[in-house]
Amino acid sequence: MSRFDTAITGGHVVVPGHGAIECGIGIRDGRVAALDDDIRPGDGEEHVDASGLIVMPGAIDAHYHLGIYRSIEADAATETASSLVGGATTIISYFRTGHHYMDRTGPYREILPDLLAATEGHAHTDFGYHIAPMTAEHVGEIEWLVDQGIASFKYYFFYKGLNLAADSTDAQAYTMSDSYDFGHLYKMMEEIARVERQGDRGERVSLSLHCENAELITMFMERVRDAGLPALQAYSESRPPLTERLSIHEAGVLADATRVRVNLLHLSSAEALRAARDVRRLYPELDLRVETTVHHLALTYDMLDGKGLGGKVNPPIRTAADVDALWSAVADGTIQWVASDHACCLEELKGDELWPALPGFGGTALLYPVLLSEGYHRRRLPLQRIAELASTAPAAAFGCHPRKGSIMVGADADLALIDLEREHVVTPELLHSAQDHTPFAGIRVKGWPVRTLLRGETVFADGEIVGSPSGRFVPRPLKAPKLGASDG
Ligand SMILES: [Zn+2]
């Protein structure tokens, strides 16, 4: 009998917190059972030769929108397959009631079981959900939601008072909320902080914030509407960095007052980063973590000029100076993690008119590839830091560490085996998403996963998805690994 189900040999293993070591990995019952330099090919029922490859912890794509424009089932089936291409083995998706998603309203006690059932059996990655309490009733469900394994919540600053004129509907009808204002936000913050403090959960329960100010967007939109700018530049100027900065400061004041842990999502600009640093300085006790996205690190509106509206997203794609500022913030630790904000949005939903075009696009397949190409190869960011950005930091922020986001004995054997020298020019086909276009099209990217393992099983190899969907719901906080124990 072999010592392991699978033996991986010959790879450079990037162990978060330690660095790259040349060693074998023994996998048993879906977990890492050994890291050792004398593991031989015959030690496993199955052998994976990782010679010439680096082994990274499977990425945690912590910003995702399963089911935003298609059914949960359809998105789970195709979009999580796309995640495997980029080395992500766990996704944590945002969900709210209201239009888009499941088009439902009512208590999460009724909706959450349906949401999980719709995802289960279709997802190729492990998955979790962040939930947005849209009504007073939902705020009353926060404690119940935490008990169900939902350790993170969301508030959208830009739905507050926004008149979505393009849809001839208002924010209230759109979100199906009662009063979506700062009173609602304050009560949500108080309740999340209270639930986290009580009991001995000992894990982080947090609130994620989409920081853009609605009133300013309404005004700037009117200003740029007829200015004749290129479309995506006009979009950026209709939601300028000032709208992020203002919401970030408001978030800081309210989070400090309520002692809630917060995550600033998808910061896109130098000005937003300055605001995040200022808020940290003002409120040093605040647990404030900062996210940016693959697309804000890789794209500018100038690059996308003349290429349609595929790159319309909130917050918008900005300038080269903003991209540089984001990379500096990644390097100096202002930013904790990078996610894709993946939303499968077909070309027909974009159309050819800027204002009605639906926002968002997919990028999950580029999570490790862009970090490696633009970060490691171009900017000499250490592999260790890239593992933190894509995997360890989001796992820690959202209550999955160290079962996820690490390579250690007892952790889930979620691994991305990466060829640092492999280069591809991005096409929609390469990404294995249902999305029929990509704003990243034509960009040369160097550093791609050649094999992805989920809990010890190969789920992606040589450009193809392997096997049927085997993703499981990840209740958070996820219990720490117990040595010798197996839950299959
Ligand atoms: Zn998002």
Side-chain angles (χ1 to χ4, degrees), residues 59-70 72 75-76 79-80 82-83 86 88 90-102 115 127-134 150 152-160 162 164 171 174-175 180 206-214 217 235-236 239 243-244 247-248 251 262-269 272 289-299 310-318 326 335-345 349-350 357-367 370 390 394 397-398 433 435 438-439:
I60 315 292
D61 194 345
H63 194 149
Y64 217 95
H65 294 276
L66 278 183
I68 182 168
Y69 301 133
R70 307 191 308 151
I72 298 283
D75 264 5
E79 304 316 295
T80 62
S82 183
S83 297
T90 299
I91 64 138
I92 313 177
S93 197
Y94 284 94
F95 185 84
R96 60 163 171 73
T97 52
H99 286 307
H100 299 310
Y101 303 99
M102 296 170 89
L115 176 63
F127 62 91
Y129 280 101
H130 316 276
I131 294 286
M134 304 306 291
I150 304 296
S152 43
F153 299 89
K154 184 172 186 180
Y155 180 81
Y156 304 77
F157 278 86
F158 80 100
Y159 286 148
K160 181 181 151 296
L162 178 61
L164 297 159
Y174 188 78
T175 59
Y180 203 74
S206 63
L207 178 63
S208 294
L209 301 166
H210 182 136
C211 294
E212 289 185 290
N213 178 279
I217 291 172
Y235 198 62
S236 176
R239 309 168 79 102
T243 71
E244 291 186 277
S247 291
I248 289 167
V262 288
N263 316 304
L264 305 182
L265 301 182
H266 50 44
L267 296 201
S268 71
S269 60
R289 305 195 191 182
V290 173
E291 171 191 278
T292 192
T293 71
V294 174
H295 47 271
H296 290 113
L297 286 171
L299 303 176
K312 175 177 168 178
V313 65
N314 300 329
I317 301 296
R318 309 285 191 196
L326 288 167
I335 288 172
Q336 273 65 57
W337 68 86
V338 177
S340 70
D341 198 359
H342 188 93
C344 178
C345 185
L349 298 178
K350 295 288 188 185
L358 288 176
F361 51 81
T364 189
L366 294 164
L367 187 45
V370 161
F398 294 117
S433 159
Q435 190 176 275
T438 170

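In what follows, every heavy atom counts, from backbone to side chain, and hydrogens, waters and symmetry copies are set aside. Just so it is clear, the structure is predicted and the values come from calculations on it, not from any experiment. First listed ligand is number 1; within each ligand, the first listed atom is number 1.
Put simply, His210 stays out of reach of the Zn ion (ligand 1), with no N, O or S atom under 2.8 Å from it. At a threshold of 2.8 Å, the Zn ion (ligand 1) has no backbone or side-chain N, O or S atom of His266 nearer than that distance.
Between the side chain of Glu244 and the backbone N or O of Cys211, no donor-acceptor pair lies under 3.5 Å. Ser93 places a side-chain N or O within donor-acceptor distance of the main-chain N or O of Leu66, the cut-off being under 3.5 Å. No donor-acceptor distance shorter than 3.5 angstrom exists from the side chain of Tyr69 to the backbone of Gly360, with no hydrogens or angles considered. Within the 3.5 Å criterion, the main-chain N or O of Phe361 finds no donor-acceptor partner in the side chain of Lys350.
Per residue Asp341, closest N, O or S atom to the Zn ion (ligand 1): atom name OD1.
Vertex the Zn ion (ligand 1), arms ending at NE2 of His63 and NE2 of His65: the angle is 100° after rounding to 10 degrees.
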